J.: 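Can you keep this structure in mind? I'll have questions shortly.
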Number of protein chains: 2
Amino acid sequence: MLSTAITLLGETGAEGFTMRRLAARLGINPMTLYHHFGDRAQLIAAMADRIHAGVAPPAAGSPLERAEGLLRRYHATILRHPALTLLVLTSPGLFPAQARRITDSLTGLLIAAGLAPQRAGLWLDILVDFTHGAALATAMAAQSGAPEDAGAGRYDQAIAALMASLRAEIG
Amino acid sequence: MLSTAITLLGETGAEGFTMRRLAARLGINPMTLYHHFGDRAQLIAAMADRIHAGVAPPAAGSPLERAEGLLRRYHATILRHPALTLLVLTSPGLFPAQARRITDSLTGLLIAAGLAPQRAGLWLDILVDFTHGAALATAMAAQSGAPEDAGAGRYDQAIAALMASLRAEIG
DNA sequence: ACCTGAACACCGTTCAAGT
DNA sequence: ACCTGAACACCGTTCAAGT
């Protein structure tokens, strides 16, 4: 059921993804969905949790290397599901559990790397907001039929620049 | 008409802003709007152009200082209209004329500062994507009733870090 | 417990018709 | 030129009823 929803969302894009269309694809009554997921926002959160579930920092490396690796993996994952990312980022108040786990994990790694908790919070926002902004730009470009390359390489260079600043701050 | 639309959007948020609601507020038939703006996407573009029209780089300073000033002014402007920013960023293929003017101006300043055109393109993406990601995060937080401070101060610190990297690259 | 039909209160947009 | 009424093809969601 969740996998069908994720597949359909990939086909239709964020715009075309509706409860009624998903029900039709599943061959069930639209209202049955409400019995399983509560409402549309909770369905989106459940899809996001499924997609984010495997994202974890690399096992080896310094805290900063693991933080960077986690961020890159998170970015690669949401780039693979641009329409879902669009829905998650623009659903008011929606913070799916797995996304929270990822940002909590990132905060922990930044603190372990030697940042004061307050600075870790600032850097978390910088890194995550940029990652979301880049993913959003790629998602919108893809939705209007642009070539889908470019995005990933630019993200790599940008993250490298940001991590250099971070390293400089830690000293 | 445009100002009424902008006011209404501020009141209702992105979700509640509909053609029919705007027509009701204006006391006209919903279909009259289509005579003036074409469709919903073009209406949103027209609102964005109105809001972005005044955003320009400071007159004095080095190219890099003017680039940073332009970016801060752009960020301050879109933060004042979070719901509109949400609609612009998530309307597929929508790139309002004034927004394009601002990013073109920014690219010109980065080149004037000594960046090769290719690097200027990379840095434009970094700076603009981060600005949009930060604005999006603030918009969503505001929409779920969070305190509206914080956002601006963090953006200032983040932009300072990014500009430092840029300066280092130019040498 | 799980599913459904009918209904409510909406949408954006088209099109033919009015002044 | 500018505006409108009626209609089309949709939405998300509630609620009472069915198995």
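Worth saying up front: this structure is predicted, and the values here are computed from it rather than measured. In what follows, chains carry the letters A, B, and so on, assigned in the order in which the sequence lines appear, proteins first and then strands, with residues in each chain numbered from 1.
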J.: Starting at atom CD1 of A:I44, determine the distance to atom C1' of D:dC11, rounded to an integer number of angstrom.
T.: 14 Å
J.: Taking the P atom in each of C:dA9 and D:dA9, what is the distance between them to the nearest angstrom?
T.: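 Result for the P pair: 23 Å, nearest Å.
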J.: Checking base pairs now: Watson-Crick or wobble, both atom distances under 3.5 Å. What partners D:dC10?
T.: none
J.: Please confirm whether B:F130 and B:H75 have ring centers closer than 6.0 angstrom.
T.: no
J.: Show, in sequence, the C-alpha distance, side-chain angles and deciding distance for B:T90 and A:T90, and conclude whether the side chain to side chain donor-acceptor pair (under 3.5 Å) test is met.
T.: CA-CA 8 Å; B:T90 60; A:T90 60; over 6 Å; no
J.: Give the cluster check for B:L162 versus B:I111: same hydrophobic cluster or not, with ILVMFWY residues linked at side-chain heavy-atom distances below 4.5 Å.
T.: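 No, separate clusters.
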J.: Looking only at heavy atoms, which two atoms of B:L124 and B:L110 are closest? And how far apart?
T.: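 It is N-CD1, 3.9 Å.
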J.: Rounded to the Å, how far apart are B:E15 CD and D:dC11 P?
T.: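 Atom CD in B:E15 sits about 18 Å away from atom P in D:dC11.
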J.: May I ask you to say whether B:R73 pairs ionically with B:E68, meaning some side-chain N is under 4.0 Å from a carboxylate O?
T.: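 No salt bridge links B:R73 with B:E68.
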J.: Would you mind reading off the distance between B:N29 atom CG and C:dC11 atom P, rounded to a whole angstrom?
T.: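 One finds 14 Å between P of C:dC11 and CG of B:N29, rounded.
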J.: Looking at A:P96 and A:A45, what are the two nearest heavy atoms and their distance?
T.: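 Taking every non-hydrogen atom into account, CB-O, 4.0 Å.
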J.: Taking OP1 and OP2 of D:dT4, is either one under 4.0 Å from a side-chain nitrogen or oxygen of B:H35?
T.: no
J.: Generate the contact string for nucleotides 12-19 of chain C. Rules: B means base contact, S means sugar-phosphate contact only, - means no protein heavy atom under 4.0 Å.
T.: BBB-----
J.: Need the pair for C:dG18. Rule: Watson-Crick or G-U wobble, both distances under 3.5 Å, any strand; none if unpaired.
T.: D:dC2
